[in-house]
Amino acid sequence: MYAKVIVDVPSRQTNRPYDYFVPPALIPWVEVGSRVGVPFGNRTVQGFVVDLTKRPDVAAGKLKDIAGVLDAHPPLTPELVELGRWVSRTYLCHEITALQAMIPGALKAKYERLVRLEPYEESELAFLVPRQLELIRYLEAKGSVPLDDLIQRYPGEGEWIKEQIRKGRFSETNSIRDRVGRKKLLTVYPPEPPELLEQYAGELPARAARQKDVLDYLRSNPHPVPLAELTKKLGVGAGTVKGLADKGWISIREVEVFRDPYADRDFRRTAPLPLTPEQEKVFGSISRSLTNSVHRVFLLHGVTGSGKTEVYLQSIQQCLDLGREAIVLVPEISLTPQMVERFKGRFGDQVAVLHSRLSQGERYDEWRKITLGQVKVAIGARSAVFAPFTRLGLIILDEEHESSYKQEDSPKYHAREVAIRRARYFGAAVVLGSATPSLESYARAAEEKPDHPDADEEALAASRKYRLLVMKDRVEGRPLPPVHIVDMRSELKDGNRSMFSRPLYNAIEQRLQRKEQTVLLLNRRGYSTFVMCRTCGYTLSCPHCDISLTYHQSSQAVRCHYCGYAERQAQVCPNCASEHIRYFGTGTQRVEEELAKLFPGIRVIRMDIDTTSEKGAHEKWLTQFANQQADVLLGTQMVAKGLDFPNVTLVGVIAADTMLNLPDFRAAERTFQLMTQVAGRAGRHHLPGEVFVQTYTPEHYSVQCASRHDFHSFVHTELEMRKLRDYPPYCRMILVTLSHEQIPLLVRTAETFAARVKEMASAEAARTGVLSDMEVLGPVASPISRIKDRYRFQCLIKYRKDTSVSERVREAVSSFDDLVRQERLQISVDVDPYLLM
DNA sequence: GGAGTCTAGAAT
DNA sequence: TTCTAGACTCCA
């Protein structure tokens with residue numbers, strides 16, 4: 001038996017399977033999807049089995065053995081292995097990179113080189129310097145030591161150590177270790193049968209009162225109990241219990257446990273709520289496709305507060321009833337405790353929760369529950385789309401339009417596309433839910449034609465279009481809150497230079513009097529932390545990147561967000577030596593200060609990157625706000641999503657248009673989405689809500705449409721714009737960024753690259769007789785023209801129908817292989833990019 | 001990605 | 001002619 005293995009070496013040359021012999025002892029363990037250790041070159045690396053075969057491609061004599069299998073259960077399924085190949089081709093990355101993205105970070109291999117001392121003669125030590133002698137003694141005492149540790153402990157002896165290894169005086173072994181182990185818990189087991197406890201109690205000397213307590217406890221609770229729990233409950237030391245174990249009366253064993261981040265929380269079980277007629281209709285469509293097991297993509301356009309979550313919950317229930325599994329994807333930022341609570345409340349411990357706030361160990365354990373088949377539902381951010389289920393029936397993407405579904409580093413996949421691909425494999429349903437669907441999705445969605453439902457279904461399946469489902473009404477008929485647009489230009493003209501307009505100021509004051517609560521939103525982008533001299537206007541920027549430095553109040557330093565460069569905060573301007581250098585805190589900090597000035601005594605909770613980085617901080621602030629321990633919740637995007645507080649009657653957007661001026665063709669769409677989302681936070685319960693939007697461009701259609709809650713007009717106008725300027729959804733794009741330390745070489749190469757792509761397309765056209773509709777824009781300097789002392793140029797490739805464009809790009813990129821190696825040129829490819837930086 | 005190997009130019 | 005640094009190649 002032989003296995004094809006993708007090895008953990010991300011390079012062009014090793015981006016293909018290698019054949020290995022499976023030793024007979026390992027045959028039961030090696031499956032497609034297994035994680036194995038294999039000898040590669042002169043070391044051992046991790047790899048994934050992607051195929052099993054009886055006839056290898058290479059002469060059998062040349063093959064090496066698989067060194068070992070790393071997990072009891074394969075971390076990947078055959079379906080995921082196949083998906084990995086698809087991801088690597090679609091998004092142009094190495095296959096190993098795609099496979100690694102599917103497993104938790106805890107399983108990323110940690111390679112260790114262990115050094116051990118070989119037998120030697122005392123006389124050989126005569127020539128050593130004292131330091132080396134010390135090193136020998138250390139090795140002797142320790143047995144084997146990781147090479148890195150040894151070099152660190154004895155700096156300057158690195159060369160000598162290597163020489164010893166070369167000469168065979170030290171032997172070297174490689175090991176692959178997981179970053180996180182499984183958690184073991186010492187557990188106390190009563191004897192078998194437990195009746196023996198009576199007898200032991202009798203034998204116990206009278207002075208051993210503590211040990212008697214332990215025996216008594218076990219007599220009344222004859223079950224295994226964690227040692228820590230027992231000692232805490234009875235107030236005895238671990239030694240007391242160990243004493244009993246030493247007598248052989250009870251036993252203490254290590255038991256593997258899951259780290260459960262929600263262990264100490266009780267979730268109130270909830271029953272399904274009655275559905276409104278609209279919800280009923282939507283649920284009916286999803287339910288039909290689940291029952292028939294046909295793959296279908298639904299775009300669920302439901303206004304904020306229309307009860308999408310309840311539809312999700314009941315659809316999942318239906319999916320589980322059919323014996324299948326479900327994945328729920330939410331944007332990282334909206335994976336709030338409230339959200340988790342709803343799912344845990346309905347499905348209890350059938351749910352695994354995966355998000356970035358968990359420790360690596362917790363994440364691994366939640367994920368392992370899926371591989372071991374202990375849960376049926378996974379809820380999490382982007383990467384949860386790879387949850388290793390084998391009977392998937394339903395994938396839900398909530399807030400489908402969110403840009404966080406697109407991964408920004410390799411593999412640069414979009415969770416929506418991966419979800420659809422997986423669902424097609426399983427004959428599963430996908431539900432894309434949003435109050436503000438992305439234009440890409442909306443353009444692909446078609447409404448049901450009531451007169452020919454069946455014929456319509458077939459046409460839909462053939463065209464790969466989405467089925468549009470609409471929910472226009474809010475639950476219990478609460479109206480959407482009125483949105484007031486405040487023109488900040490006229491505020492300025494009237495002499496108001498504060499960041500609060502008079503209408504918003506008055507509204508906040510009113511809430512304070514009425515003891516109601518306010519949510520204030522500040523767009524982070526365009527308002528972030530920077531350092532500027534008020535005398536000469538000089539801004540501190542990174543010496544290695546073309547970007548301004550950001551100020552971190554906590555460490556009193558300025559930092560570069562891209563390369564990590566940091567310097568201490570300066571007292572005077574480095575340019576003109578003026579003392580009027582101003583450290584602008586985060587935008588939210590400034591707003592907080594101003595609030596305190598305008599409304600003395602106001603209680604503000606500020607939520608931004610700074611205040612929520614700590615584990616559990618997010619939850620703590622929201623609980624405080626829910627308990628009305630603050631008047632205002634002030635924050636960045638994270639306060640716009642999914643929060644639901646009955647006492648909030650006012651929402652203020654400080655500056656609605658900070659994004660509009662960014663070089664981003666989705667700027668209008670993002671502005672509209674954010675405003676619509678945040679407006680939905682007000683007046684969700686019996687108190688009526690109100691929204692104030694401050695802006696310098698009140699006439700912009702994204703602001704206007706959002707204030708009227710008018711999605712259709714917005715989409716209409718925006719689609720016109722996109723068509724006019726030839727942007728998605730009217731074309732597809734691939735962004736290729738080239739970077740190098742020297743501009744002349746970079747420009748030359750980028751130009752050759754652009755020409756090469758065109759060349760390859762016309763060669764292909766000549767071969768097939770089909771003309772390509774591809775066009776190549778650029779090369780031009782990237783908006784961030786330098787990062788880590790490397791200049792950056794980009795080419796934007798647009799196309800509509802030509803399906804082989806990514807293949808052409810791949811060819812073009814690989815034709816620059818020599819340059820990449822020789823000149824340390826870097827080429828990065830982003831298919832369907834979100835950021836054109 | 002990493003190590004052994006090849007090769008061209010500099011030091012001897 | 002020997003030494004050494006950087007490029008090249010291969011890994012099953």
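Letters A, B, ... are given to chains in the order of the sequence lines, protein chains preceding strands, and every chain is numbered from 1. Since we're looking at a predicted model, the values are computed, not measured.
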Could you pull out all donor-acceptor pairs under 3.5 Å where a side-chain atom in residues 824-837 of chain A meets a protein atom, sequence neighbours excluded?
| from | atom 1 | to | atom 2 | distance (Å) |
| --- | --- | --- | --- | --- |
| Ser828(A) | OG | Lys412(A) | NZ | 3.3 |
| Asp830(A) | OD1 | Lys406(A) | NZ | 2.9 |
| Asp832(A) | OD1 | Arg732(A) | NE | 3.4 |
| Asp832(A) | OD1 | Arg732(A) | NH2 | 3.4 |
| Asp832(A) | OD2 | Arg732(A) | NH2 | 2.9 |
| Tyr834(A) | OH | His414(A) | NE2 | 3.4 |

Those residues at least two apart in sequence (or on a different chain) that pass side chain to side chain donor-acceptor pair (under 3.5 Å) with Ser410(A) are none

Note: chain A reaches DNA chain B at heavy-atom distances under 4.0 Å over the stretch, first to last nt, 5' to 3', of dG1(B) to dG4(B)

Min and max contacting nt of DNA chain C in 5' to 3' order, chain A heavy atoms within under 4.0 angstrom, are dC8(C) to dA12(C)

Hits for ring-ring contact (aromatic ring centres under 6.0 Å, His included) against Phe21(A), two or more places apart or cross-chain, chain-then-number order -> Tyr2(A)

Within residues 9-18 of chain A, those residues having any heavy atom closer than 4.0 Å to DNA chain C are Gln13(A), Thr14(A), Arg16(A), Tyr18(A)

Looking at Arg810(A) and Glu807(A), is any side-chain nitrogen of the basic one under 4.0 Å from a carboxylate oxygen of the acidic one? yes

The side chain to side chain donor-acceptor pair (under 3.5 Å) partners of Glu31(A) (sequence neighbours excluded) come to none

Exercise answer: donor-acceptor pairs, residues 80-89 of chain A side-chain atoms, under 3.5 Å, sequence neighbours excluded:
| from | atom 1 | to | atom 2 | distance (Å) |
| --- | --- | --- | --- | --- |
| Glu82(A) | OE1 | Arg421(A) | NH2 | 3.2 |
| Glu82(A) | OE2 | Arg421(A) | NH2 | 3.0 |
| Trp86(A) | NE1 | Thr90(A) | OG1 | 3.4 |
| Ser88(A) | OG | Arg85(A) | O | 2.8 |

Side-chain touch Tyr91(A)/Gln407(A), heavy atoms, less than 4.5 angstrom: no

Heavy-atom nearest pair, Ala415(A) first then Val385(A), reads O-CG2, 3.8 Å

Hits for side chain to side chain donor-acceptor pair (under 3.5 Å) against Glu567(A), two or more places apart or cross-chain, chain-then-number order -> Tyr565(A)

Residues at least two apart in sequence or cross-chain that pass side chain to side chain donor-acceptor pair (under 3.5 Å) with Arg748(A), listed by chain then number, are none

Contact check, residues 31-49 of chain A vs DNA chain C, heavy-atom distance under 4.0 Å, returns Pro39(A), Phe40(A), Gly41(A)

The ring-ring contact (aromatic ring centres under 6.0 Å, His included) partners of His94(A) (sequence neighbours excluded) come to none

Nearest heavy-atom approach of Gly47(A) to Val5(A) is CA-CG1, 3.8 Å

